[in-house]
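Here the structure is a predicted model, which is why all the values come from computation and not from measurement. Lettering follows sequence order; numbering is per chain, from 1.
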Amino acid sequence: MSIPTPRHPVRVRIAPSPTGDPHVGTAYIALFNLAFARQHGGQFVLRIEDTDQKRSTAASEAAILRSLGWCGLQWDEGPDVGGPYGPYRQSERATIYAEHADLLIAKGRAYRCFCTAERLDAMRAAQKAAGDDWRYDGHCRHLDAADSAARAAAGEAHVVRLAMPQDGETIVPDALRGEVRYENGRIDDQILLKSDGLPTYHLANVVDDHLMQITHVIRAEEWLNSTPKHLELYDAFGWEAPVFVHMPLLRNADRSKISKRKNPTSLEFYQRAGILPEAFLNFLGMLGFSMPDEAEFFDFEAFSAALDFGRISLGGPVFDLDRLQHINGLWIRAMAPDALAARFADYFREDGRDVHVARLVAERVGSLGDWPHHAGPFYGASVPYGADSRHLLVGCGSKKKKAVRLSARASKAFFEDVIARLEGLADFDEVAVEAALRESTEAAGVGVGDGFMAVRVALTGRTAAPGLFETIVAMGRALSLVRLRTAANWLAQSAPGQAELEALEREVAAYRDALAHAAAAAEGGAA
RNA sequence: GGCCCCAUCGUCUAGUCAGGUCCAGGACACCGGCCUUUCACGCCGACGACGCGGGUUCAAAUCCCGCUGGGGUCACCA
């Protein structure tokens with residue numbers, strides 16, 4: 001099966017929302033879009049969907065562009081490179097959406113809604129109590145047109161809703177699934193324009209896809225259920241709808257939709273972990289898709305040439321780091337030595353990280369040759385935790401003369417707390433990181449020395465390393481969090497039993513005694 | 001919970017649309033071995049799946065129905 005390609009030229013897009021770290025799911029969808037565009041000599045558009053003023057940030061947008069660029073998923077049109085259908089940032093297109101919303105109101109396909117949040121909350125509560133779907137009750141749907149316009153003109157707060165048909169059904173022609181049917185009566189009167197005057201995804205997306213001449217919408221399956229609303233919009237505007245292709249969702253190991261709590265989802269992590277972009281795309285290209293000849297080692301060109309949506313598997317694939325690591329090794333080994341050396345050099349120079357690291361490591365190295373040993377923990381995907389680390393993570397056994405620490409209290413919960421606090425930091429600098437860590441140790445009732453040592457071991461696999469806060473900042477948020485998660489999971493998998501805890505306590509006590517005896521003997525000897 | 005999607009080894013998948021060549025093939029991981037000063041790479045081997053129940057058929061992993069299971073979605077977020 002091949003998907004319909006009725007209109008030429010083919011134009012596809014990705015439309016990420018700049019509300020967080022660059023996501024692997026964005027790269028996954030971008031890969032299939034770009035490959036499809038290349039296969040048909042079409043265009044690939046990058047559009048920034050930043051209509052959520054509360055959550056969108058310029059930093060996130062910049063990071064998304066940077067990471068997609070790192071992947072090699074280069075767009076033909078976008079906010080940075082421009083193009084004939086700009087602007088490519090939705091926040092700069094507000095008047096376009098407002099005009100289109102007015103058009104729908106004039107056609108009677110949308111209406112202003114003046115309902116308050118309180119009324120909506122009450123309605124939802126009532127519907128929920130009755131066991132019904134949550135759906136807008138149409139309270140403002142039949143307001144007198146002149147009246148509605150007058151209230152809006154007077155400045156009364158309102159939104160604009162889609163006047164969804166009450167009967168019949170909408171058939172979504174999905175290129176991978178065939179016809180998916182929805183009863184119109186169950187579909188909500190979707191808000192199209194928010195009270196801040198900006199559009200919701202649904203309106204902006206449809207308007208832009210039309211205006212930007214998008215022919216194929218290749219997006220994640222999570223959008224399938226809102227496609228009937230989009231189809232209704234196309235119909236209301238009198239526009240021809242694009243071809244819809246809903247790709248399977250990437251999953252965590254437990255099969256839930258991939259999330260940063262359970263997986264490294266930031267592209268920055270993979271870049272920092274030393275994954276080759278070629279290998280990354282190769283890996284993504286095998287999720288939900290297989291090459292006709294079952295090849296498992298291929299580049300973008302081959303993928304693009306072979307891409308066939310008839311070969312998509314609809315079961316959501318688990319994002320398997322082991323397999324990614326394997327593919328990465330294949331790419332590294334296939335690379336010519338000089339090219340590989342250049343990659344290594346680039347990697348260690350990447351976004352100035354080694355400058356940070358050099359500063360931290362300088363005071364510890366005796367010669368240039370010591371660099372790899374001291375700098376090692378700052379690079380790569382993971383640090384190995386062995387039997388020793390277990391001891392270190394659980395017990396924080398920093399066996400220095402004056403500081404016997406074996407609290408046996410650094411738990412998964414402690415690491416989870418650290419993770420949550422670091423995730424929540426607006427500014428990821430040393431001051432903020434230190435404050436967060438101190439809060440965590442306090443909340444956990446763990447000594448600062450014990451707690452910090454546990455974090456140090458989790459991050460570096462060692463007890464001897466540069467200052468903790470500097471280390472975390474130099475390592476970067478993405479990599480730091482992943483290592484903390486790894487440590488937390490590793491601990492949880494083999495949580496110490498009561499017997500083991502007691503053994504640890506005995507070990508500490510014995511060590512303390514030994515130290516005390518040694519001290520006494522030393523004093524006795526001196527006297 | 002309603003609606004929607006999905007269902008082959010632990011994981012990614014081939015095979016499913018055009019039923020027989022499939023007592024189901026490959027890859028990752030794991031385990032064992034070989035190679036080797038170590039590790040890694042490489043090589044060899046082992047383990048390992050058509051979710052269940054009906055039906056259609058001479059024949060079902062493949063077609064149909066039901067069940068079960070998993071996922072998504074039900075925001076003035078995308």
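Applying the Watson-Crick and G-U wobble criteria (two distances, each under 3.5 Å), B/rA7 pairs with B/rU68. Remark: B/rG1 base-pairs with B/rC74. Criterion, Watson-Crick or G-U wobble with two distances under 3.5 Å. Checking B/rG42 for Watson-Crick or G-U wobble geometry (two distances, each under 3.5 Å) identifies B/rC34 as its partner. The nucleotide B/rA49 finds no pairing partner, because no Watson-Crick or G-U wobble arrangement with both distances shorter than 3.5 Å includes it.
Closest to the side chain of A/Leu249, out of B/rC4, B/rG72, B/rU11, is B/rG72. Here B/rG72 is the nucleotide among B/rG26, B/rU11, B/rG72 with the atom lying nearest to any side-chain atom of A/Ser256.
A/Asp80 and A/Trp75 are linked by a side-chain donor-acceptor pair at a separation below 3.5 angstrom, with hydrogens and angles left out of the test.
With sequence neighbours excluded, no residue satisfies side chain to side chain donor-acceptor pair (under 3.5 Å) with A/Lys107.
For residues 91-101 of chain A, every residue pair satisfying the salt bridge (Lys or Arg N to Asp or Glu O under 4.0 Å) rule, not counting sequence neighbours, is listed here: A/Arg89-A/Glu92, A/Arg93-A/Asp208.
Residue-to-nucleotide contacts include a donor-acceptor pair under 3.5 Å from the side chain of A/Ser195 to the base of B/rC76. On a pure distance criterion of 3.5 Å, no polar donor-acceptor pair joins the side chain of A/Arg177 and the base of B/rC5.
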Could you run down the sub-3.5 Å N/O contacts of the protein with nucleotides 40-44 of chain B?
{"from": "B/rC41", "atom 1": "O3'", "to": "A/Arg333", "atom 2": "NH1", "distance (Å)": "3.2"}
{"from": "B/rG42", "atom 1": "OP1", "to": "A/Arg333", "atom 2": "NH1", "distance (Å)": "3.3"}

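Contact check, A/Arg255 against B/rC12: a side-chain N or O comes under 4.0 Å of OP1 or OP2.
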